[in-house]
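Presented below is the structure to which this report refers.
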2 protein chains.
Amino acid sequence: MTKLKDIAQETGFSITTVSRALAGYDDVNAETRQQIMQTATQMGYQPNGVARQLRNQKTDTIGIIIPSDETRFSDDFFSELVMGVGYAAAHLGYDLLLSAQTSADEMGAYQRIVGGNRVDGVIIARTRRHDPRIAYLKKANLPYVVAGRSAPDEITDYPYIDVDSQRGIALATEYLIGLGHTHIGFIAPPQELAYTAYRLAGYIDGLHHANLPYRPDYVVYGDLRREGGAQMTRMLLREYPHITAIVAGNDAMALGAMTTITDMGLRVGVDVSVTGFDNIPSGEHAHPPLTTVRQPIQEIGQHLVERLISLIHREQLGETQTLLSPMLIVRESCGKVPS
Amino acid sequence: MTKLKDIAQETGFSITTVSRALAGYDDVNAETRQQIMQTATQMGYQPNGVARQLRNQKTDTIGIIIPSDETRFSDDFFSELVMGVGYAAAHLGYDLLLSAQTSADEMGAYQRIVGGNRVDGVIIARTRRHDPRIAYLKKANLPYVVAGRSAPDEITDYPYIDVDSQRGIALATEYLIGLGHTHIGFIAPPQELAYTAYRLAGYIDGLHHANLPYRPDYVVYGDLRREGGAQMTRMLLREYPHITAIVAGNDAMALGAMTTITDMGLRVGVDVSVTGFDNIPSGEHAHPPLTTVRQPIQEIGQHLVERLISLIHREQLGETQTLLSPMLIVRESCGKVPS
DNA sequence: CTGTTAGCGCGTTCAA
DNA sequence: TTGAACGCGCTAACAG
């Protein structure tokens, strides 16, 4: 709450001089600076960030907006992404402004944050078909980076980072085929998400690679949550009892599938196998049981931030569109809860 | 990027009139307002949030600062808390400014966010012994709420929300005793955390309640991460083979303990039992295997936001210090990863 | 009903 | 080496 003005009064110099002394300009008398800096620390001066932002027309802040809360309790993608983005941003001298969409006002948060000049750049995640957020940002003239390409039948003319989930799901499918399974169900992500088409294509790739027929009735759509995975698994196994393996479109649904299998009195990995796919940027990754994937998603957040800050600084970027190679996480676990 | 000025020029009215028309003041000619609002939407006007903040001396934003990243990959407390806080804040018309501490500059983020007037209030979580953040905020004259009391030997003279973890760990311990165990290890949280003393006291309470002796050598300190839980479990079981049950000071360490038990060729829940405690505010909670607790921590975030916003509005608060009753989560699971 | 004036706190001309 | 003046974009008090 002490302002430049206060220090100016205290030292007898003008606000301008105080400002320059503290900013480290070299056209200030050494003694003057000394005195000013001393009283500044004495009075506990902290520059007013908001005033600075207004004056400098930059905020040193990046924005991220999380979608409204249908899936908030079960799907850990955004919570991990936010952590990764937050740490990476801090490391590079940026703060993170987080806003959640409200169901009442879909684009309100974007207008407030982006249109309101609250941030220097924005991160978008979990692209949807005909995503209105991307359309909005294209017009808004503010740097942005997207986690996830548009669907294959749309144009992706913006900077993005994505994982080759088509290949990832193909690998998951081939893994199960390699175990000897021939009737393999697929719990796909929701249809409105951009990556769903890639993942479905990967499932089909995997089958075709082994000359297995693609049966559309083996494909169901889940809600990305454990509950959805559990429910769809129940449906699949009831309808098609000869299914012995399931590919889940994401991690949470894989966990849900395992729960259902256990609940049905079957053994995961014995009676029915499950693989889940998640966004894995690169490198080795441990596969402890009982855990969901955290680090890889955080790493994507880190990539996003680095890319975005380059854009903000108008630095040269090699590629603005990056497709990370997938790393498969195969998981099969069994769980029991004591009474 | 269109400003009030632009609309003023376009319509011929003064900036003030435009401002008032858009703000909905009633001392504006209906026609004038009509015209102004129309050109405003036409030009895609969005008020500049930063300028507003400076002018109004409030930001409609709350701050949260997450600690530096030793535990970022394994401990899901902060990621969930942030989600809970973010959604609750959005619901109440606030944005969330997230900043991470950097190891270089412990208090830097606080000074920037709090001292820089970037937020109307702050949330602190995971209180430490002699927490410098609390000391800082006491002086800073900015509303704040703390998740977690100070340690029992310190004074807690600030608004907080906490879970009665002493009772929670006592229940966990009694649960294991009820199963017939008499040699029960405790993997405590790090000593520097404020709640550790409560949790240790709970462990002792549980033992005493059943007239079992408290053996200090059965207590080890973990790092809140799965790795720590795993490592400490290995130590405990190697050193004291007659231990048949373990209470873990948090959820992640409980998972780590299970991993170790499995790795040692023992069966979780048969050879060695495990219970983990987590922050559970209230109400029923499902106990699916293979999952960590998300919702309860988010609910704490929600409580924190509501309390903080009351403080910001200087509304009357019944209690500014709230101790939520614990709900025990007992978990025992086994996991296997396919080769 | 509308416009002029003033100032939130800061940084950056420009002149002295 | 220093200070006065200006403006970032907005809102509020005060006149008219």
Side-chain angles (χ1 to χ4, degrees), chain A residues 1-37 39-40 43-61 111-120 141-142, chain B residues 1-37 39-40 43-61 111-120 141-142:
Chain A
M1 290 169 284
T2 48
K3 309 169 288 186
L4 287 183
K5 195 182 176 185
D6 302 325
I7 302 178
Q9 270 175 348
E10 190 70 20
T11 59
F13 291 100
S14 75
I15 295 179
T16 309
T17 303
V18 173
S19 171
R20 274 185 306 219
L22 293 174
Y25 281 61
D26 55 359
D27 59 348
V28 180
N29 187 327
E31 256 182 73
T32 307
R33 152 167 305 125
Q34 182 60 28
Q35 186 186 348
I36 287 175
M37 302 221 350
T39 58
M43 303 179 71
Y45 172 70
Q46 278 299 125
N48 183 310
V50 177
R52 268 194 171 164
Q53 291 177 17
L54 182 60
R55 169 67 237 232
N56 298 337
Q57 297 291 73
K58 73 187 186 65
T59 60
D60 293 320
T61 303
Q111 288 161 354
R112 235 189 11 261
I113 303 299
V114 175
N117 285 63
R118 303 272 312 266
V119 297
D120 296 340
N141 197 30
L142 190 82
Chain B
M1 291 171 284
T2 48
K3 309 168 287 186
L4 287 184
K5 195 183 177 185
D6 302 325
I7 302 178
Q9 269 174 348
E10 189 71 21
T11 58
F13 291 100
S14 75
I15 295 179
T16 308
T17 303
V18 173
S19 172
R20 273 184 308 218
L22 293 173
Y25 280 63
D26 56 359
D27 58 349
V28 180
N29 187 325
E31 257 181 72
T32 307
R33 152 167 304 125
Q34 182 60 28
Q35 188 187 346
I36 288 175
M37 301 220 351
T39 59
M43 304 179 70
Y45 172 70
Q46 278 297 125
N48 184 309
V50 177
R52 268 194 172 164
Q53 291 178 18
L54 182 60
R55 169 67 238 229
N56 297 338
Q57 297 291 74
K58 73 187 189 59
T59 61
D60 293 319
T61 303
Q111 287 160 356
R112 236 190 9 263
I113 303 298
V114 174
N117 285 67
R118 304 271 313 268
V119 298
D120 295 340
N141 198 30
L142 190 82

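When reading the values below, keep in mind they use all heavy atoms of this one structure, side chains included, and skip hydrogens, waters and symmetry mates. Per chain, numbering begins at 1; letters A, B, ... match sequence-line order.
- Rounded to whole Å, atom C1' of D/dC8 lies 14 Å from atom CG of B/D6.
- Side-chain contact between B/T39 and B/Y45: absent, with no pair of heavy atoms (C-beta onward) separated by less than 4.5 Å.
- Contact annotation: A/S14 side-chain N/O to D/dT2 OP1/OP2 distance is not under 4.0 Å.
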Given protein heavy atoms under 4.0 Å, the one-letter contact record of nucleotides 9-16 of chain D, with B base, S sugar-phosphate only and - none, is simply BBBBBB--
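- For the side-chain contact (heavy atoms from CB on, under 4.5 Å) test, residues two or more places apart in sequence or in another chain that qualify with A/M1 are B/N141.
- In this structure the side chain of A/R118 reaches within 4.5 angstrom of the side chain of B/T61, judged on heavy atoms.
- Annotation for A/Q57: atom CD counts as buried by contact number, over 12 foreign heavy atoms lying within 6.0 Å.
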Atom pairs and distances, donor-acceptor, side-chain atoms in residues 6-16 of chain B, under 3.5 Å, two or more places apart:
from  : atom 1 : to    : atom 2 : distance (Å)
B/D6  : OD2    : B/K3  : N      : 2.9
B/T11 : OG1    : B/I7  : O      : 2.8
B/T11 : OG1    : B/A8  : O      : 3.4
B/T11 : OG1    : B/F13 : N      : 3.4
B/S14 : OG     : B/T16 : N      : 3.4
B/S14 : OG     : B/T17 : N      : 3.2
B/S14 : OG     : B/T17 : OG1    : 3.1

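- When every heavy atom of A/G44 is checked against every heavy atom of A/T2, the shortest pair comes out as O-OG1, 3.5 Å.
- Residues from residues 26-37 of chain A that place a heavy atom under 4.0 Å from any atom of DNA chain D, listed by number: A/D27, A/V28, A/N29, A/T32.
- In terms of heavy atoms, B/K58 sits closest to B/D120 at CA-OD1, 3.5 Å.
- What you find for A/G24 and A/R33 is that their closest heavy atoms are C-NH2, 3.5 Å.
- For DNA chain C, the contact window with chain B, defined by any atom under 4.0 Å from a protein heavy atom, covers C/dC1 to C/dG9 in 5' to 3' order.
- Stem analysis of DNA chain D (Watson-Crick or G-U pairs, both distances under 3.5 Å, runs of at least three) returns C:1-16 with D:1-16.
- Annotation for B/V119 and B/L142: closest pair O-CD1, 3.7 Å, computed over non-hydrogen atoms.
- Proximity of B/T59 to B/N117: side-chain heavy atoms (C-beta onward) are nowhere separated by under 4.5 Å.
- Note that the CG atom of A/N48 and the CD atom of B/Q53 stand 9.5 Å from one another [nearest 0.5 Å].
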